[in-house]
Amino acid sequence: MRLRRIRRAELPSDPVELARFLIGTFLVLEGDEGRVSGRIVETEAYLVGDAAAHSFNGPTKRNRSLFLEHGHAYVYFVYGNWYCMNVSAEAEGIGAGVLLRALEPIEGIELMRRRRRHAKPTLLASGPGCLATAMGIDRRLDGIDLCAPGKFWLGVTKDLGMRMPIGNSTRIGLTKEAHRKLRFYLRGSPSLSGARKLNA
DNA sequence: TGCACGATAATCT
DNA sequence: GATTATCGTGCAA
């Protein structure tokens with residue numbers, strides 16, 4: 001599969017549009033242990049003025065990457081055990097992001113399997129914490145420009161723009177703003193997280 | 001104190 | 001097989 005780096009001008013600078021756009025694109029990390037990549041199949045948008053968004057209360061040391069120009073990585077540590085990542089989703093200075101929740105492993109499946117132990121191949125990166133573990137994403141990647149030359153980037157194939165069956169549901173694991181339907185997923189993907197009825 | 005989580009166990013169909 | 005309950009873990013507010 002031939003992947004090329006995405007250009008920032010191709011990325012929507014609106015969280016909902018970006019969340020939809022990223023479905024079917026690829027996340028690539030050329031790490032010390034090898035290259036891993038996967039097709040993004042599940043995302044969630046976190047908006048300006050959204051009480052569930054990490055950026056809601058303004059920039060802090062932790063969340064400042066959310067305020068970078070769209071297309072940068074925001075990596076954070078949660079629940080004492082896992083990392084999760086967002087793609088920043090607005091103009092510089094505006095805090096919003098798209099959480100990457102699941103991807104279908106493409107390259108480096110053996111490496112992902114080692115990191116994740118016993119998971120089934122399709123489920124190696126099913127869930128935001130699993131995704132980061134399988135890919136080998138950690139704090140060192142926070143703030144990286146995913147559109148710039150480097151080892152961590154967003155890729156697309158020739159069929160960028162092909163229509164895909166994208167589903168929409170409520171976001172997972174929230175108490176605030178739980179009713180908003182800001183989760184997007186590739187219908188029929190075997191790698192989705194979340195309850196069955198959310199993936200209809 | 002409360003999480004943008006995940007694994008295991010318990011409790012269903 | 002599928003959904004629901006519980007709990008550990010470290011850090012920011």
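Below, read A as the first sequence line, B as the second, and so on, with proteins coming before strands; counting in each chain starts at 1.
Across all strands shown, A:R171 has no heavy atoms under 4.0 Å from either base or sugar-phosphate atoms. Within the nucleic acid shown, A:A52 comes within 4.0 Å of at least one base atom, counting heavy atoms only. A:N86 comes within 4.0 angstrom of a nucleotide base, judged by non-hydrogen atoms across all strands.
One atom, CD of A:E177, and another, C1' of B:dA4, lie 13 Å apart when rounded to the nearest Å. We find that CD of A:E42 is positioned 10 Å from P of B:dG6, with the value rounded to whole Å. When rounded to the nearest whole Å, the span between CG of A:N57 and P of B:dA4 equals 12 Å. Taking atom CG on A:D142 and atom P on C:dA12, their separation rounds to 12 Å, with Å as the unit. Protein atom OH of A:Y74 is 10 Å distant from nucleotide atom C1' of C:dA12, rounded to whole Å. Rounding to whole angstrom units, CZ of residue A:R139 and C1' of C:dA12 are separated by 11 Å. If you take OH of A:Y83 and C1' of C:dC11, they are 11 Å apart, rounded to a whole angstrom. Look at CD1 on A:I172: it is 14 Å from C1' on C:dT3, rounded to the nearest Å.
Expressed to the nearest 0.5 Å, how far CD1 of A:I109 lies from CD of A:E104 amounts to 10.0 Å.
Using the Watson-Crick or G-U wobble rule with both distances under 3.5 Å, B:dA9 pairs with C:dT4.
Counting heavy atoms from C-beta on, the side chains of A:Y46 and A:L182 never come closer than 4.5 Å.
Side-chain contact annotation: A:S193 with A:R101, donor-acceptor N/O pair under 3.5 Å present.
The shortest distance between the side-chain N/O atoms of A:S193 and the OP1/OP2 oxygens of B:dG6 is not below 4.0 Å. Side-chain N/O atoms of A:R62 include none lying less than 4.0 angstrom from OP1 or OP2 on C:dA12.
Taking the charged nitrogens against the carboxylate oxygens, A:R115 and A:E33 do have a contact shorter than 4.0 Å, which makes a salt bridge.
Ranking B:dA4, B:dA7, C:dG8 by closeness to the A:R116 side chain, first place goes to B:dA7. Closest to the A:P128 side chain, of the nucleotides B:dC5, B:dA7, C:dT3, is B:dC5. Taking only side-chain atoms of A:T60, from C-beta outward, the nucleotide of B:dC5, C:dA13, B:dC3 with the closest atom is C:dA13. Of the candidate nucleotides B:dA4, B:dA7, B:dC5, B:dC5 has the atom lying nearest to any side-chain atom of A:W82. Set against C:dT9, B:dG6, C:dG10, the side chain of A:F77 has C:dG10 as its closest nucleotide.
Residue A:T175 is the one, among A:T175 and A:G127, whose nearest nucleotide of DNA chain B lies closer to the 5' end (criterion: closest heavy atom). Closest-nucleotide positions on DNA chain C for A:K197 and A:V78 were compared, and the one nearer the 5' end corresponds to A:K197.
The stacking criteria are not both satisfied for A:Y79 over the base of C:dG8, which would need a centre-to-centre distance under 5.5 angstrom and an angle between ring planes under 30 degrees.
Within a 6.0 Å radius of CZ in A:R140, other residues, nucleotides and ligands contribute 12 heavy atoms or fewer.
Under the ring-ring contact (aromatic ring centres under 6.0 Å, His included) criterion, A:Y83 pairs with A:F77, sequence neighbours left out.
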